[in-house]
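In what follows, every chain begins at residue 1, and chains take the letters A, B, ... in the order their sequences are listed. Every heavy atom of this structure was used, including side-chain atoms; hydrogens, water molecules and symmetry mates were not. The model shown is predicted, which means the values in this text are computed figures rather than measured ones.
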Amino acid sequence: MSYRPAIQSIITAIETVIVGKEDVIAKSLTALLAGGHVLLEDVPGVGKTMLVRTFSRAIDLEFKRIQFTPDMLPSDLTGISMYNQKTKEFEYRPGPLMGNIILADEINRTSPKTQSALLEAMAERSVTVDGELKVLPSPFFVMATQNPIEHEGTYPLPEAQLDRFLLKIEMGYPTFNEEIALLTRFEKTEPLEALQSVVSKEEVEQMQREVREVHVSSAVKQYIVRLIHESRKDPNTYLGGSPRATLALMKAAQAWAYIQNRDFVLPDDVKALATSVLGHRVLLTAEARYKGRTANQLITGWLETLPVPMDREVKEV
Amino acid sequence: MREWIVRIIYTLLAAYLLSFWVDPIVGSTTFDANWPFYFLIIVPLLASLSPWYTFVGISVLNFFVVLYSYHGSLLDWFGLWMEDLLGILSGELPNEAIFFSAMGLIGFFFAVLVSRTYPSYSLVLGIIVSTLGIMSYFDTWTLYDGEGAILFAIIGSLLLLFVTDLAKRPSQSFVRFISIGLLLSVVVALASISPTLEGDWSDRITTSFRNNTDEGNGSGTGRVGYGVNDEELGGPFEQDDGIVFIARGVPARYWRIEAKAIYTGKGWIETPVLDSEFKRGQLVDSNVDTTPEQALLRFDRRQTFVPYGGEYPQAAETESGTEFLVGEIEESFPNETIFIRPTGKIVFNNDSQATPRTIQLRYSVPAFSEAQLALNRDITTLTDEEKQAYLQLPDTLPERVRELALEITADSETPNEKAKAVQAYFRNEDFKYDTEDVAKPEGDTDYVDQFLFDTQLGYCDNFSTSAAVLLRANGVPTRWVKGFTMGDARGVIQGETEYTIRNRHAHSWIEYFIEGAGWVPLEPTLSFSESNLLQIERETDTDSDPVENDPQASQDGNTPNRPQQDLLIDDVSTGDVAQESRSIPVWGWIVIAFISAVIIWNRKIIERQIMYLWWMNRPLTDSSLVSMHRYLMKRLRANGFKVEGRTPSELAKEVDAYYESNDMMRLTHLFEQAVYAEQAPNSKYKEYWKIMIRRIMS
């Protein structure tokens, strides 16, 4: 894969800390540039937090971390107004949401009430505190993590809220060699401390604007729509991709094409992101789950059989 | 030095193989000699070993020398040539002169080919395949007989391949010589021990001979054809399309071979020599009108009989040029002796009693007047001996046959009326024509009785023998005649219809005697028409078509139990000639098959070229680019690449990995730019497309 130089420098910087995981880094960058948010799903300890912290370091962004617990309240996120006795006025004390990169750790451990506050902030890019609208800083990028195996005492995210994450990324364990390299790297130093930012906040905003300029041909649009339609038609799904998913897939593909230094989207881009975009949006029927099917399997199946459109003119299949 | 020896042997062997073309090709023309063509083919080939001017000089000189020796005059021949050329220009087929020069040119060009391509496997294989092909084709479909020659052609082919190999890869090793020696010995050994060497190299199509009455073959299925032994008739037989002879120069006519007089209850036996007032070969009374006719008969293989179409087979001209009269009995001639047997059979009295391959025959075709047929006089012309023989009936003949005979002819007065009554009886009652489920009389059963009362199912022998017996029971002298029907019209050659007479046209009918008219033929067999056997003159309308004159022919069509599909044994069908000349001849089919085969073998290249021409000459637009890419993907799919569900670049990676190149990737980039970036197509696309198509379809 060849990247745009600025992107390449970010990836190189992050890779001084994170071993391997190029795909995860690229996808996270894609979500950041497409203006979306990422749901990282994996077991504890594979480097989710480290990834987010490195991200915020490499791109000169303000990093905030929220550790979700069951007793957390929405105001713990948004911040509160406190009475200042000196000035005799209410003063706004910003919550952890007032940052550029938010690590929302173990999002499924908190109550739905708090979850929805976060997700609303993600969608609206603003919070209301005491009737006052507080606009969140830009860029605003949430990386939420959830642990798949710790079901005890968790509140699974409702479908409607999952839909707000542009991508769901699985970290996965490092390979044998990667893990050796990991040990070596952390043996004597702390690489994160040495990391210098390579891209400024403004540059990121500039890139976000440029991503929207990436061309999407009608052939690729057809490809996206056909894929989403496939997800709705498949008898194994009881909920296919929503029009929001269609939009998400296109935006993600644009960003993916952008980071690969291209100003147009290829069907390959759609293919590369399809499982990450649709994986958490497609819900399987009980029967399909019982048979051991997974959403990713289904999506891969659709991609294998769906012909790639080559025509400009729109044909409904 | 060694190289030259190899080359000379190579050329000699090529000439040897090509010389096999002469016999079949020239044999099917009107040329009476083959030798000039051997010179025309072989001499230029040998001359091609010399420098080109000598080669051309010798070839031209050879042509004129051969021509002069064959024709006797060059100027005269030039006139013929011009005449022929003018004929061709006005749409006629070429004659001898053009054929002669064409063969000369073929010889010359082959010489050029052989010497210019030396040594060439392709040419050698081409020569071998075409030589063997020509030989087998002509052997199968014409009168050419490649029996012995094909073995020599195969040996020559093997040697030629060996010499080509020697010339291509000179080697001192003896292994090759040993292996070719071994191969040749095996071929020769196999050929000589195989039982077919003596008799039968030809195929099933041309060979077969009936002997359905052979001893020990009583219950088996016979094969149709002309047989000698008729002592036990009956039983089923197989159809056989083998050619017996080809007749030219006559209208559709039955071919008589011989007549037999003594019925045994099971079949017919040879007639003893009878004291007679009829001359041998004479069939009718002297006051019956006859028309002379001349026929050219070409036999597929030598036979032991000569078929003739009428009375007094007078003169026969063989291929050796000897002319002789047949009319006198057992008359000797310088080269051959032939005679007419008492049965009317013409026999060549040489060692094998075999006929020449070509016979020019003259005879008279009798045409009876109605008055002559209606005569009912006492028989005085036949001697007592003859009357006895032709009225003979076996003592074992069941009485009910005699009773039936009288019953059939109850209303008939004259012999002719009686004959017609018998003929009509077969056509009106529940008789059926069949060749397969035909019974053979066992024990004391009479052949005729069985047919008339039990089976009512049979072929010509059943009908004719029964008719003869029924007429004899009525006191009409009758004899049983064997021969062939008129055969299949094979086309019009030089204005004359040729008929192919095959084994399955073997037939039998009867002749009955009318005092004052002679022996009158009768066709008793169901579904056969008499019009090609019997000519009747009518005073009122002598010119009209004999078919119309024959009451039987018109009655024929209405016969209720006429077989729907006549079992091969031929019927009169006047449409035959037109039908055959309209259809595509055999060689036409072969050419079509060959062209189709070439197209199928080269379909990829042809398709590729068409695609090149089509797409390269069109401007590259968005839609044409997409179509080109689709075609490319189709070809890739045909080559086993998985195309469905692949993006262009995924496919490109796989294709490039397979062909170890990066052309497909380049092509795909251009494609992506046109389709997905929606930019104007890049003309370089065509270039890479062509490269890829060539790679995929090679």
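Every residue meeting the side-chain contact (heavy atoms from CB on, under 4.5 Å) condition with Ala295(A), not counting sequence neighbours, appears here in chain and number order: Leu284(A). Judged as a side-chain hydrogen bond (donor to acceptor under 3.5 Å, both in side chains), and not counting sequence neighbours, Arg4(A) has no contacts. Partners of Thr54(A) according to the side-chain hydrogen bond (donor to acceptor under 3.5 Å, both in side chains) rule, which considers only residues two or more places apart in sequence or in another chain, do not exist here.
For chain B, the option among Ala219(A), Pro309(A), Pro267(A), Pro307(A) with the highest count of heavy-atom pairs below 4.5 Å is Pro267(A). Options Val216(A), Leu266(A), Leu303(A) differ in how many heavy-atom pairs under 4.5 Å they form with chain B, and the most are formed by Leu266(A). Taking chain B as the reference chain and counting heavy-atom pairs below 4.5 Å, the highest number among Val214(A), Val270(A), Val308(A) is found for Val308(A).
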Donor and acceptor N/O pairs, chain A versus chain B, under 3.5 angstrom:
unit_1    : atom_1 : unit_2    : atom_2 : d
His215(A) : NE2    : Glu678(B) : OE1    : 2.7
Asp268(A) : OD1    : Thr647(B) : OG1    : 3.4
Asp268(A) : OD1    : Ser649(B) : OG     : 3.0
Asp268(A) : OD2    : Thr647(B) : OG1    : 2.6
Asp268(A) : OD2    : Ser649(B) : OG     : 2.4
Lys271(A) : NZ     : Gly645(B) : O      : 2.4
Lys271(A) : NZ     : Glu650(B) : OE1    : 2.7
Lys271(A) : NZ     : Glu650(B) : OE2    : 3.4
Glu304(A) : O      : Lys642(B) : NZ     : 3.3
Pro309(A) : O      : Tyr676(B) : OH     : 2.8
Asp311(A) : OD1    : Arg630(B) : NH2    : 3.4
Asp311(A) : OD2    : Arg630(B) : NH2    : 2.5
Arg312(A) : NH1    : Asp622(B) : OD2    : 3.1
Arg312(A) : NH2    : Ala674(B) : O      : 3.3

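When the shell of 6.0 Å around NZ of Lys251(A) is examined, it contains 12 or fewer heavy atoms from other residues, nucleotides or ligands.
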